[in-house]
Number of protein chains: 2
Amino acid sequence: MREFKRKFRVLLIDDNADHLRGVKELITLESSYDVVGTTTSANIGINLAKKYRPDIILMDINMPEKDGLQAIQEIEKLNLGIKVIALSGYDDSDLIFRAMKIGAKGYILKTMASAQLIYAMDEVAAGKIYLPTALTSRFFEYFQNSFKEEASSTSEENLLTYLTAREEEVLELLTQGNNYKGIAGKLFISETTVKTHVNNIFQKLQVNDRTQAVLYALNNGFGNKRRTKIAV
Amino acid sequence: MREFKRKFRVLLIDDNADHLRGVKELITLESSYDVVGTTTSANIGINLAKKYRPDIILMDINMPEKDGLQAIQEIEKLNLGIKVIALSGYDDSDLIFRAMKIGAKGYILKTMASAQLIYAMDEVAAGKIYLPTALTSRFFEYFQNSFKEEASSTSEENLLTYLTAREEEVLELLTQGNNYKGIAGKLFISETTVKTHVNNIFQKLQVNDRTQAVLYALNNGFGNKRRTKIAV
DNA sequence: TTTGTCTTACATCTTTGGATTGATAAAATA
DNA sequence: TATTTTATCAATCCAAAGATGTAAGACAAA
């Protein structure tokens with residue numbers, strides 16, 4: 001049986017009709033891609049995605065009507081395996097970060113050479129994630145900055161280190177929303193003992209109540225799973 | 001006044017003496033780099049970093065004695081502006097992610113061509129962050145996976161959407177550790193009103209007390225800065 | 001206009017939380 | 001061995017939090 005090389009199906013979403021036409025022509029020249037639809041509306045684009053199930057979507061994310069990032073997110077939620085490449089006029093690190101976070105498989109600037117667009121599509125079609133080197137650098141600046149605060153705040157002094165093993169157990173249960181009775185039951189000790197521990201925890205963490213204790217714990221890397229803040 | 005083109009100072013840390021020697025010779029051939037030190041020990045490497053203040057450190061992260069990632073972290077904490085490039089034998093996405101998270105300016109496989117190493121050093125020396133395309137792809141697989149769980153868990157139903165604007169304000173203050181009096185003072189309303197709001201919040205979030213409400217809020221993307229869990 | 005939601009507010013009552021003091025036994029440490 | 005830390009428990013007291021019901025004025029939608 002002879003094997004046919006299937007063409008990848010592409011959907012274009014861009015509110016700029018001129019740019020849309022240009023990209024369409026460009027892609028049509030490539031033998032390995034078929035443009036199955038074009039639209040200037042993000043909402044229509046989402047419906048076309050459901051209908052045509054393209055392999056790849058090129059999505060302009062600088063649209064006034066609807067946020068392109070939001071559109072990407074909605075398409076990702078459909079879980080149709082559609083690979084979305086973000087097209088943008090800006091190499092803003094925050095934009096790049098957010099696009100990649102919500103699942104874009106690539107991010108290309110509109111000013112980039114057409115060859116780069118095709119290359120990105122080739123890579124993405126092959127199951128990879130593609131970001132131009134320059135944008136990768138931008139992304140990582142943002143990415144690493146997100147973690148810097150954490151490192152610096154941690155380096156001050158972590159009052160959690162003063163807690164005893166038992167106190168950590170109690171705090172762990174506090175961070176799960178337990179009250180005295182719940183903690184006492186889970187640790188098989190009396191409620192008054194829990195009170196003693198909790199009071200000692202308050203002293204050591206220099207807080208006034210359980211909510212503040214829980215917040216301190218979560219913000220200072222309590223437990224095995226460290227939670228990290230990333231502004232999105 | 002005549003300007004001299006300064007050579008970049010490089011420190012090599014690699015527990016494999018053979019590899020260390022090879023890399024040293026390779027770099028010495030380059031006119032723009034000076035190897036100011038080599039060592040097979042991570043701990044000694046950290047001390048050499050303090051002493052010589054190199055521009056760049058090539059750090060093997062697959063060392064038995066001390067974890068190379070930990071060493072990178074310690075060097076980053078020194079805040080000397082030293083750019084660390086991770087050298088590794090593995091293109092494991094988790095390793096790449098962790099290295100970049102703690103501030104590595106690059107990640108190179110030992111099996112890669114020497115030209116790529118030099119190119120990475122050039123880029124990093126110029127203040128950029130460099131990851132080979134293949135590793136970038138790996139990184140993003142891991143990165144995007146970290147957020148997938150969040151998206152699915154969020155898609156269940158976010159009870160926070162039922163809160164009124166005022167209730168959100170109150171909850172915001174709750175998540176900052178305020179008690180009734182504090183909230184009342186900050187919103188210029190009476191304490192009893194705050195109680196009413198808080199009780200309504202409990203109903204809507206289906207929780208029993210403020211700690212649980214705060215935990216629900218933090219775990220369900222409350223506020224403008226959404227906190228995201230990334231296992232590290 | 002009527003209906004409904006939101007925000008504000010108060011009263012009352014019960015439960016929970018937090019502070020303080022004191023005490024005992026085991027375990028770790030000097 | 002002597003001393004300190006840790007974990008356990010209790011009693012008491014006051015403050016804070018939480019549950020419940022009621023209600024008035026603002027405002028928007030039907």
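The sequence lines fix the lettering, A, B, ..., with proteins before strands; numbering per chain opens at 1.
- As a whole-Å value, the separation of A/Asn179 CG from D/dG18 P is 11 Å.
- When the P atom of C/dT5 is taken as reference, atom CG of B/Leu163 falls 16 Å away, rounded to whole Å.
- Within a 6.0 Å sphere centred on CZ of B/Phe202, heavy atoms belonging to other residues, nucleotides or ligands number more than 12.
- Taking the side-chain hydrogen bond (donor to acceptor under 3.5 Å, both in side chains) definition, one finds that B/Asp55 meets it with B/Arg6, sequence neighbours left out.
- For A/Thr192, the side-chain hydrogen bond (donor to acceptor under 3.5 Å, both in side chains) criterion is met by A/Ser190, not counting sequence neighbours.
- Spacing between atom NZ of B/Lys181 and atom P of D/dA15 amounts to 10 Å, rounded to whole angstrom units.
- For the helix from C/dT1-D/dA30 to C/dA30-D/dT1, the end axes, each set by the C1' atoms of five terminal pairs, are bent relative to each other by 50° (nearest 10°).
- The stretch residues 184-202 of chain A touches DNA chain D through A/Ile189, A/Ser190, A/Thr192, A/Thr193, A/Thr196, A/His197, each having a heavy atom under 4.0 angstrom from the strand.
- The shortest distance between the side-chain N/O atoms of B/Tyr180 and the OP1/OP2 oxygens of D/dA15 is not below 4.0 Å.
- Atom CG of B/Asn208 is separated from atom P of D/dT20 by 11 Å (rounded to the nearest Å).
- In this structure, B/Lys204 places its NZ atom where more than 12 heavy-atom neighbours from other residues, nucleotides or ligands lie under 6.0 Å away.
- The CD1 atom of B/Ile183 sits 4.0 Å away from the CG atom of B/Leu174 when rounded to the nearest 0.5 Å.
- The side chain of B/Arg166 approaches C/dT7 more closely than any other nucleotide in the set D/dG18, C/dT7, D/dA7.
- B/Arg53 meets the side-chain hydrogen bond (donor to acceptor under 3.5 Å, both in side chains) test with no other residue; sequence neighbours excluded.
- Rounded to a whole Å, the CZ atom of B/Arg210 is 8 Å from the C1' atom of D/dA16.
- For the pair B/Gln203 CD and D/dA17 C1', the interatomic distance rounds to 14 Å; values are reported in whole Å.
- Close placement of the A/Phe143 and B/Phe139 rings is indicated, their centers lying within 6.0 Å of each other.
- Listed by chain and number, the residues in a side-chain hydrogen bond (donor to acceptor under 3.5 Å, both in side chains) with B/Asn178 are B/Lys186 (sequence neighbours excluded).
- Atom NZ in A/Lys204 sits roughly 10 Å away from atom P in D/dT5 (whole-Å rounding).
- Under the 6.0 Å cut-off for aromatic ring centres, B/Tyr107 and B/Phe97 do not qualify, their centroids lying 6.0 Å or more apart.
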